[in-house]
Amino acid sequence: MTATMLAGRLDVAKGAFAVEEVPVPTPGPGQVLIEVGAAGVCLSDVHLIEGMLKPLHLKGDKVTLGHEVAGTVHTLGEGVTTAAVGDRVLLQAGESRDGVVLTRGVDYDGGWAEYALATVETLVPLPDELPFEQACFIPDAVSTPWAAITGTGAVRPAEAVGVWGVGGLGAHGVQLLRAVGAHPIVAVDPLPAARERALAFGADAALDPGDPEFADRLRAATRGRPLAAAFDFAGVAPVREQAMATLGEHGRLVLVGLTNQPLTITNGTLVSYLRQQIRGHYGSEGKDVVDLVDLVRGGRLDFSRSVSGTFPLARAAEAVEALEQKKGNPIRLVLTP
């Protein structure tokens, strides 16, 4: 094992990202050193590089990006007895320290590297049959829509639901809504390829939000039923107005995609009359990740179609650009050291 390694580092103060040589970290008490097998490239990483998102608790100006990480336990720190060298593991995307929730790859160094540190409590065992490339993005790209659907959105079987934005989060949202028994599932995306993907992932209908006959097509897809829940995975202000207008009595609009644009409610009286709700959503809980791995292990979920492309760590900047520009309309791009 060499003394240095490659890592994708962001200088937050300068807004500069580069893959550079850094020392291999040494695990302290209660920590393990992970040999990274794969790490996901998330739109949040793009937002960090662009400066739209800022770390709240980062010590210093530089951080190794990457909050979606899977790999093998390489070295044990002092006192670690619940993990063993060679264990295949997934890392939770963050943890609580002294009552403060910290995000991996944002508030402390993440997994866009050859090796990464993790506290033993953040390790989730992986079954041998689940490749690192398919496992690494579960802690965000899958667990975030899962928590939005089962928790914040409280979707029940046979409820009519809508998914706006069928990208990295929305594609999994469609798949997970089908798993929990929602019906019908209506996907909404301006890109034809995204709509085709939505149907392949289990949507009952896929609509263009700019279609002049959108309202009529939606009513046809739901047989006249208003939506019980609508999910904004796009983080686009006009999406929220359109989605809100599709809801029925007690309907829930769940805001998952991030945007700093104002939220406009065109008909506030109707929202009050129908007792509708707007619910903000962010991230997931540790148990969500564990449950999802168990569902994969049990054959209930399959994420083999979610890997849109892999890049070597040294070409991380190309992966960021591909995601930012939506080249090939990716679900998840993955870095492999």
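On a predicted model such as this, the values are computed, not experimentally measured, just so you know.
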What orientation do His172 and Phe303 show, parallel under 30°, tilted 30 to 60°, or perpendicular over 60°?
perpendicular
In Å, rounded to the nearest 0.5 Å, how long is the span from CG of Leu199 to CZ of Arg195?
9.5 Å
Is there a salt bridge (charged side-chain N to carboxylate O under 4.0 Å, His left out) between Lys14 and Asp61 once you walk through the steps?
CA-CA 9 Å; Lys14 298 178 181 177; Asp61 290 331; over 6 Å; no
Greater than 12 external heavy atoms within 6.0 Å of Glu78's CD:
no
Does one side chain, of His67 or Ser44, offer a donor that lies under 3.5 Å from an acceptor on the other?
no
I'd like to know if Lys327 pairs up with Glu321 as an ion pair, taking the criterion as any Lys NZ or Arg NE/NH1/NH2 lying under 4.0 Å from an Asp or Glu carboxylate oxygen.
yes
Listed once per pair and sorted, the ring pair (Phe, Tyr, Trp, His ring centres under 6.0 Å) pairs that draw on residues 224-256, sequence neighbours left out
Phe231-Phe233
Does the Lys NZ or Arg CZ of Arg88 fall within the cation-pi geometry relative to Phe132 - under 6.0 Å from the ring centre and within 45° of the axis?
yes
Is there a donor-acceptor pair closer than 3.5 Å between any side-chain N or O of Gln175 and the backbone N or O of Asp302?
yes
Distance col, row Trp164:CH2 vs Leu207:CG, nearest 0.5 angstrom, shows 8.5 Å
Counting only heavy atoms not in Arg279, do more than 12 fall under 6.0 Å of its CZ?
yes
Side chains of Thr122 and Arg104 only: does a donor on one sit below 3.5 Å from an acceptor on the other?
yes
Mind checking the CZ-CG spacing from Arg300 to Asp291? Nearest 0.5 Å is all I need.
13.5 Å
Residues Glu159, Arg252; criterion salt bridge (charged side-chain N to carboxylate O under 4.0 Å, His left out); working and verdict:
CA-CA 11 Å; Glu159 284 193 317; Arg252 293 93 66 194; 2.9 Å; yes
Any Lys/Arg nitrogen of Lys59 or Asp107 sitting under 4.0 Å from an Asp/Glu carboxylate oxygen of the other?
no
Do Thr336 and Glu133 meet the criterion of a side-chain donor-acceptor pair at a distance under 3.5 Å?
no
Rounded to the nearest 0.5 Å, what's the gap from NE2 on His281 to CG on Leu169? Could you check?
9.0 Å
Can you tell me how far apart CD1 (Ile331) and CG (Leu323) are? Round to the nearest 0.5 Å.
12.0 Å
With a 4.5 Å cut-off on side-chain heavy-atom distances among I, L, V, M, F, W and Y, is there a chain of contacts connecting Leu126 to Val307?
yes
Say you draw a straight line from NZ of Lys54 to CE of Met52; how long is it, rounded to the nearest 0.5 Å?
12.0 Å
Between the side chain of Asp140 and the main-chain N/O of Phe137, is any donor-acceptor distance below 3.5 Å?
no
Show me the donor-acceptor pairs, under 3.5 Å and distance only, between side chains in residues 16-43 and residues at least two apart or in other chains.
unit_1	atom_1	unit_2	atom_2	d
Glu20	OE2	Lys62	NZ	3.3
Glu21	OE1	Thr4	OG1	2.9
Gln31	OE1	Gly28	N	2.7

Residues which pass salt bridge (Lys or Arg N to Asp or Glu O under 4.0 Å) with Asp11, listed by chain and number, not counting sequence neighbours:
none
Establish, yes or no, whether a centroid distance under 6.0 Å links the rings of His57 and Tyr108.
no
So that I can tick it off, tell me whether Arg240 and Asp232 are bridged by a salt bridge, with the cut-off set at under 4.0 angstrom between side-chain N and carboxylate O.
yes
Going through the checks in order, is the side chain to side chain donor-acceptor pair (under 3.5 Å) test met by Ser306 and Gln134?
CA-CA 7 Å; Ser306 299; Gln134 295 176 29; over 6 Å; no
Should the pair Arg332-Glu68 be classified as a salt bridge under the 4.0 Å nitrogen-to-oxygen rule?
yes
